[in-house]
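Predicted, not measured: the structure shown is a model, and the values here were computed from it. Chain A is the first sequence line, chain B the second, and so forth, proteins listed ahead of strands; every chain is numbered from 1.
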Protein chains: 2
Amino acid sequence: MIDEVFQALAHPHRRQIIDFVHQTPGCSSGEIAALFESSRIAVAKHIKILEKAQLLLIEKSGRTKQHYFNIMPIQTVYDRWTDQYSQFFSAPLNSFKNYV
Amino acid sequence: MIDEVFQALAHPHRRQIIDFVHQTPGCSSGEIAALFESSRIAVAKHIKILEKAQLLLIEKSGRTKQHYFNIMPIQTVYDRWTDQYSQFFSAPLNSFKNYV
DNA sequence: ATCATATGTAACTAATAGGTTTCATAAAGG
DNA sequence: CCTTTATGAAACCTATTAGTTACATATGAT
């Protein structure tokens, strides 16, 4: 599962899609496809990969589908990594601590 | 550059290499290769990809090379993403704030 | 009912990634 | 000097990924 997330994030178009859906919640696949030069089908495949990684949640609405961003998988990855590499992340946390 | 990092993190072996180097600073490419069933050359290619993404720093020492993990690129990615998705990350930050 | 619109599926092609074998280089030790 | 050990590079094969075109389905509007 963590592998699906890293895999999904590996393609720049897919990260762009995430960004767009994040700032345009409920958008359709057509709107997403319009962002790119490549074909609608190519974009649809990217969307499917993001959906499998649970980075996008999709809800059917009539003949379109509404797309929503889901931070959860990224949060999971982040938590696991910061736990493992806490020694590195402790520095910024401390400065934040001081700020608080 | 951010693309190279995501790309580098996409392969499970490369993430394993990062983990190993992180807990075995200064290790050689031979030691890293010994972790995997696949050939030394295949692993060397993974190491090169990690080096290009600056996730590994390499120092020559006699006839071996010492490998070190570099959190910086991940930190950069993390900073950019948390900035962009701050609304999601604010929740845990707030709970941390309360804790502090 | 008909037609346009939104999306999905299948089959195929091209590009990239991951791996192998083989040969080369270069440092350390007897 | 010669051998062993550590690593690098080139050529090649295979698997996977990314993209295309063509066809299918289903909803909404006229």
Side-chain angles (χ1 to χ4, degrees), chain A residues 1-21 24-70 73 77, chain B residues 1-21 24-70 73 77:
Chain A
M1 181 254 162
I2 206 167
D3 202 57
E4 277 178 328
V5 177
F6 276 113
Q7 198 65 36
L9 294 174
H11 196 290
H13 283 189
R14 290 196 287 266
R15 294 196 302 275
Q16 268 183 263
I17 292 173
I18 288 180
D19 291 344
F20 178 74
V21 173
T24 319
C27 61
S28 70
S29 71
E31 292 175 80
I32 297 170
L35 298 174
F36 302 96
E37 304 254 305
S38 56
S39 75
R40 178 183 64 83
I41 313 294
V43 177
K45 287 187 182 178
H46 285 309
I47 293 176
K48 184 166 278 182
I49 289 168
L50 288 167
E51 190 188 3
K52 274 192 184 153
Q54 291 183 273
L55 285 161
L56 292 187
L57 302 176
I58 302 182
E59 209 170 308
K60 203 177 177 184
S61 161
R63 64 175 158 176
T64 72
K65 285 191 166 178
Q66 297 178 321
H67 295 72
Y68 299 95
F69 172 61
N70 179 25
V77 167
Chain B
M1 181 252 163
I2 207 166
D3 201 58
E4 278 178 326
V5 177
F6 276 112
Q7 199 65 38
L9 293 174
H11 197 290
H13 282 189
R14 290 197 286 266
R15 294 196 301 276
Q16 267 184 264
I17 291 173
I18 288 179
D19 291 343
F20 178 73
V21 173
T24 319
C27 61
S28 69
S29 71
E31 291 176 80
I32 297 171
L35 297 174
F36 303 96
E37 304 254 305
S38 54
S39 75
R40 178 183 64 82
I41 313 292
V43 177
K45 287 186 182 179
H46 285 309
I47 292 175
K48 183 168 282 184
I49 290 169
L50 289 167
E51 189 189 2
K52 275 191 183 153
Q54 292 183 272
L55 286 161
L56 291 187
L57 302 176
I58 301 182
E59 209 169 307
K60 203 176 175 184
S61 161
R63 66 176 158 175
T64 73
K65 286 191 167 180
Q66 297 178 321
H67 296 72
Y68 298 95
F69 171 62
N70 179 25
V77 166

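- Using a 4.5 Å cut-off on side-chain heavy atoms (C-beta onward), A:Leu56 and A:Ile17 make contact.
- The minimum heavy-atom distance linking A:Val43 with A:Ala33 is given by the pair CG1-CA, 3.8 Å.
- Where A:Lys60 and B:Lys45 each meet DNA chain D at their nearest nucleotide, the meeting point lying more 5' is that of B:Lys45.
- Side-chain atoms of B:Arg63 and base atoms of D:dT5 include a donor and an acceptor less than 3.5 Å apart.
- A donor-acceptor contact under 3.5 Å links the side chain of B:Arg40 to the base of D:dG8.
- Note: A:His13 and A:Phe36 have tilted aromatic rings, judged against thresholds of 30 and 60 degrees for the angle between ring planes.
- Judged by distance alone, with hydrogens and angles left aside, A:Lys48 brings no side-chain donor or acceptor close enough to the base of C:dT9 to form a pair under 3.5 Å.
- Of the side-chain N and O atoms in B:Ser28, none sit less than 4.0 angstrom from OP1 or OP2 of D:dA6.
- For D:dT17, neither phosphate oxygen OP1 nor OP2 lies less than 4.0 angstrom from any side-chain nitrogen or oxygen of A:His46.
- The nearest whole Å value for the distance from the CD1 atom in B:Ile32 to the P atom in D:dG8 is 10 Å.
- Taking the nucleotide of DNA chain D with the nearest heavy atom to each of A:Ile41 and A:Ser61, the more 5' of the two is matched to A:Ile41.
- Annotation: side chain of A:Ile47 is in contact with side chain of A:Ile58 (closest heavy-atom distance under 4.5 Å).
- For A:Ser39, a side-chain nitrogen or oxygen approaches OP1 or OP2 of D:dT20 to under 4.0 Å.
- The side chain of A:Thr64 contributes no N or O atom lying less than 4.0 Å from OP1 or OP2 of C:dA6.
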